[in-house]
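Working notes, beginning with the structure itself.
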Amino acid sequence: MARKFTTPRGTVDILPEEQPYWRQVLRVAEQTALAFGYRRIDTPVFEQADLFVHGTGEATDIVQREMYIFQDRSGEMLALRPEGTPNVCRAYLQHGMASRPQPVKLYYVAPAFRYERPQAGRLRQHTQFGCEAIGSSDPALDAEAIELLWRMYEALGLDDLYVLLNSIGDQSCRPAYVARLRVYYELHLAEVCDDCRRRYDQNPLRLLDCKNGQCQPVIAGAPAITDALCEPCAAHFASVQAYLDAAGVAWQLTPRLVRGLDYYTRTVFEIVPGDAGSQGTIGSGGRYDGLMEVLGGPPTPGIGFATGIERIILNLRKRVVEVGPDPLLRVVVAAVGEGPRVAAVALVSRLRRAGVQAVVGDGTRSLKAQLRQAEGLAPQYVVIVGDEELRRGRLQVRERATWNEERLTEGELLARLSD
RNA sequence: GUGGGCGUAGCCGAGCGGUUAAGGCGCCAGGUUGUGGCCCUGGAGAUCGAGGGUUCGAAUCCCUCCGUCCACCCCA
């Protein structure tokens with residue numbers, strides 16, 4: 001049908017029926033983050049575009065072709081947040097958080113925007129829950145971030161998940177490795193796919209992540225970055241692994257795992273479902289020890305992750321995980337005729353002030369219709385107010401599920417409701 | 001950004017060149033004057049995603065666009 005207005009491509013409405021999932025996921029996410037000592041931070045939906053150009057990285061797809069970027073009326077270049085980490089780091093610097101006890105551990109729930117071609121599990125606006133621990137390079141924080149994410153999924157009832165873990169080194173060892181990788185690939189360019197030839201030029205690390213069948217033998221023969229780590233990076237990585245084991249989180253060493261963002265150093269990880277489709281990653285993150293300097297701050301290490309709420313819910317639905325229903329409506333008051341309507345409005349007003357969720361039936365409809373309406377609203381009690389009830393000072397109160405009917409005074413009704 | 005599938009009322013879904021465009025769910029109303037879940041009856045709701053074209057005639061064929069889904073790409 002010809003609708004005049006619809007949601008923009010790649011965006012969705014979250015209808016009342018879906019809200020229980022959101023409430024549940026956000027509740028668990030926040031609880032878990034708080035339990036791990038993280039505190040909430042909120043940052044603007046839009047920021048100076050350069051924050052992401054420099055922070056997320058000029059070479060990334062996100063910056064090159066996916067940002068929602070615009071000029072405001074003063075001519076300033078702004079961008080809708082494509083991911084959360086640069087905002088949090090900017091806030092850390094802006095508010096002098098280096099003078100707080102380190103590390104500063106922050107979490108956020110925020111929409112992210114990327115101009116991409118939508119498909120299941122990939123939207124132009126999606127919601128990320130993320131955590132960042134800034135100001136320490138302790139590998140225990142890396143392990144803790146991974147564990148936090150893992151425990152959160154666990155609490156939500158998601159199983160069949162896998163932690164993929166890798167280290168991609170730092171400035172002192174990665175460049176040499178990338179050079180070696182290039183030398184290796186130079187000899188095999190004829191055997192790999194077109195995308196890989198492009199990656200060879202633009203983003204060599206990503207060569208390892210190619211899913212094209214013809215490239216797999218070449219990947220298998222490539223030097224592994226985990227063999228090329230410098231001593232400090234190797235030691236750090238070993239500690240991360242040991243701490244994960246200590247925390248009881250199972251992980252899989254995945255040398256081919258690299259990440260799309262420029263700022264990652266050392267630890268990178270993803271959590272994927274066992275039956276993952278192409279948009280399978282539900283959460284991922286890593287260490288970004290060089291990011292703060294890029295943003296103009298002093299050298300400050302950091303580790304963090306983000307997970308997509310929509311993808312979590314997708315997986316919860318796939319597994320038919322139960323979530324609590326909406327808080328139930330407790331009373332619907334049906335009334336026909338002006339006198340009873342006035343009394344009914346006054347009654348629900350008092351009920352609500354007493355903390356009871358209550359509504360009146362639609363006064364433009366018959367009593368029968370109001371009762372049908374009440375059925376749809378599924379309250380605990382249905383109350384009927386008519387002239388007779390007003391005369392007697394007693395309400396007709398029905399427990400909807402049992403049809404059990406009583407004549408009660410308002411006080412008795414309230415007592416019943418407070419059981 | 002590339003390739004492919006799909007697009008009929010709020011939802012599911014028949015029809016696939018000539019029909020008043022089925023049916024189900026849901027919604028609304030009625031089945032005597034104030035009584036809900038089942039049942040019965042009735043009603044509202046569709047410019048057949050949009051715009052062009054072919055044809056005497058198009059939901060049905062063609063083109064373009066839009067949306068959605070799948071794969072790639074990328075990533076949460």
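The chains referred to below are lettered A, B, ... by the order of the sequence lines, with proteins before strands, and numbering in each begins at 1.
- At a threshold of 4.0 angstrom between heavy atoms, the contacts of A:A112 with the nucleic acid are absent.
- Across residues 45-55 of chain A, not one residue has a non-hydrogen atom less than 4.0 Å from an atom of RNA chain B.
- No contact: A:E310 has no heavy atom under 4.0 Å from any strand.
- Contact annotation for A:A378: no contact, since no heavy-atom pair falls under 4.0 Å across all strands.
- Taking only distance into account, the side chain of A:R65 never meets the base of B:rC73 through a donor-acceptor pair shorter than 3.5 Å.
- Here B:rC69 is the nucleotide among B:rC69, B:rG36, B:rG30 with the atom lying nearest to any side-chain atom of A:R117.
- Sequence neighbours left out, not one pair with a member in residues 12-43 of chain A passes ring pair (Phe, Tyr, Trp, His ring centres under 6.0 Å).
- Under 4.0 angstrom from either OP1 or OP2 of B:rC74 there lies at least one side-chain N or O belonging to A:R206.
- To the nearest whole angstrom, the two P atoms, one in B:rG13 and one in B:rC6, are 14 Å apart.
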Open item on the list: Could you spell out the base pairing of RNA chain B as a dot-bracket line? Use Watson-Crick and G-U wobble contacts where both distances are under 3.5 Å, [ ] for crossing pairs, | for partners on a different strand.
Closed with: ((((((((.[[[..)..(....]]].(((((.......))))).....[[[[[..)....]]]]])))))))....
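- Counting non-hydrogen atoms of neighbouring residues, nucleotides and ligands closer than 6.0 angstrom, the CD atom of A:Q48 reaches no more than 12 such neighbours.
- When the side-chain nitrogen and oxygen atoms of A:R372 are compared with OP1 and OP2 of B:rC27, none of them lie within a distance under 4.0 Å.
- Among the heavy atoms of the strands lying under 4.0 Å from A:L123 is at least one base atom, whether or not backbone atoms are also near.
- Using a 30° and 60° split on the angle between ring planes, A:F70 and A:F46 fall in the perpendicular class, above 60°.
- For A:R151, the salt bridge (charged side-chain N to carboxylate O under 4.0 Å, His left out) criterion is met by A:E147, A:E154, not counting sequence neighbours.
- On the P atoms, B:rG7 is 8 Å away from B:rG49, given to the nearest whole Å.
- Between A:R365 and B:rA29 there is a side-chain polar atom (N or O) within less than 4.0 angstrom of OP1 or OP2.
- Of the two residues near RNA chain B, A:T402 and A:E270, the one whose nearest nucleotide lies more 5' is A:T402.
- At most 12 non-hydrogen atoms from other residues, nucleotides or ligands lie less than 6.0 angstrom from OH of A:Y115.
- With both ends at atom P, the span from B:rG51 to B:rU60 equals 12 Å, rounded to whole Å.
- Between A:R199 and B:rC74, a side-chain N or O to OP1/OP2 separation shorter than 4.0 Å is present.
- The shortest distance between the side-chain N/O atoms of A:T281 and the OP1/OP2 oxygens of B:rA76 is not below 4.0 Å.
- Not a single donor-acceptor pair, N or O on each side, falls under 3.5 Å between the base of B:rC66 and the side chain of A:R9.
- You'll find that the side chain of A:A306 is closest to B:rA76, out of B:rA76, B:rG34, B:rC73.
- Between A:E66 and A:L367, the one whose closest nucleotide on RNA chain B sits nearer the 5' end is A:L367.
- For a distance-only test at 3.5 Å, the side chain of A:E389 qualifies as a donor-acceptor partner of the base of B:rG34.
- For A:R365, the salt bridge (charged side-chain N to carboxylate O under 4.0 Å, His left out) criterion is met by A:D362, not counting sequence neighbours.
- Partners of A:D201 by salt bridge (charged side-chain N to carboxylate O under 4.0 Å, His left out), not counting sequence neighbours: none found.
- Salt bridge status for A:E30 with A:R40: present, with a side-chain N to carboxylate O gap under 4.0 Å.
- The side chain of A:E116 has B:rC74 as its nearest neighbour among B:rG36, B:rC70, B:rC74.
- No contact: A:G361 has no heavy atom under 4.0 Å from any strand.
- For B:rG36, neither phosphate oxygen OP1 nor OP2 lies less than 4.0 angstrom from any side-chain nitrogen or oxygen of A:Q370.
- Where stacking is scored as ring centres under 5.5 Å apart with planes under 30°, A:W403 registers as stacked on the base of B:rG37.
- Among the atoms of the strands shown, base atoms are found under 4.0 Å from some heavy atom of A:D387.
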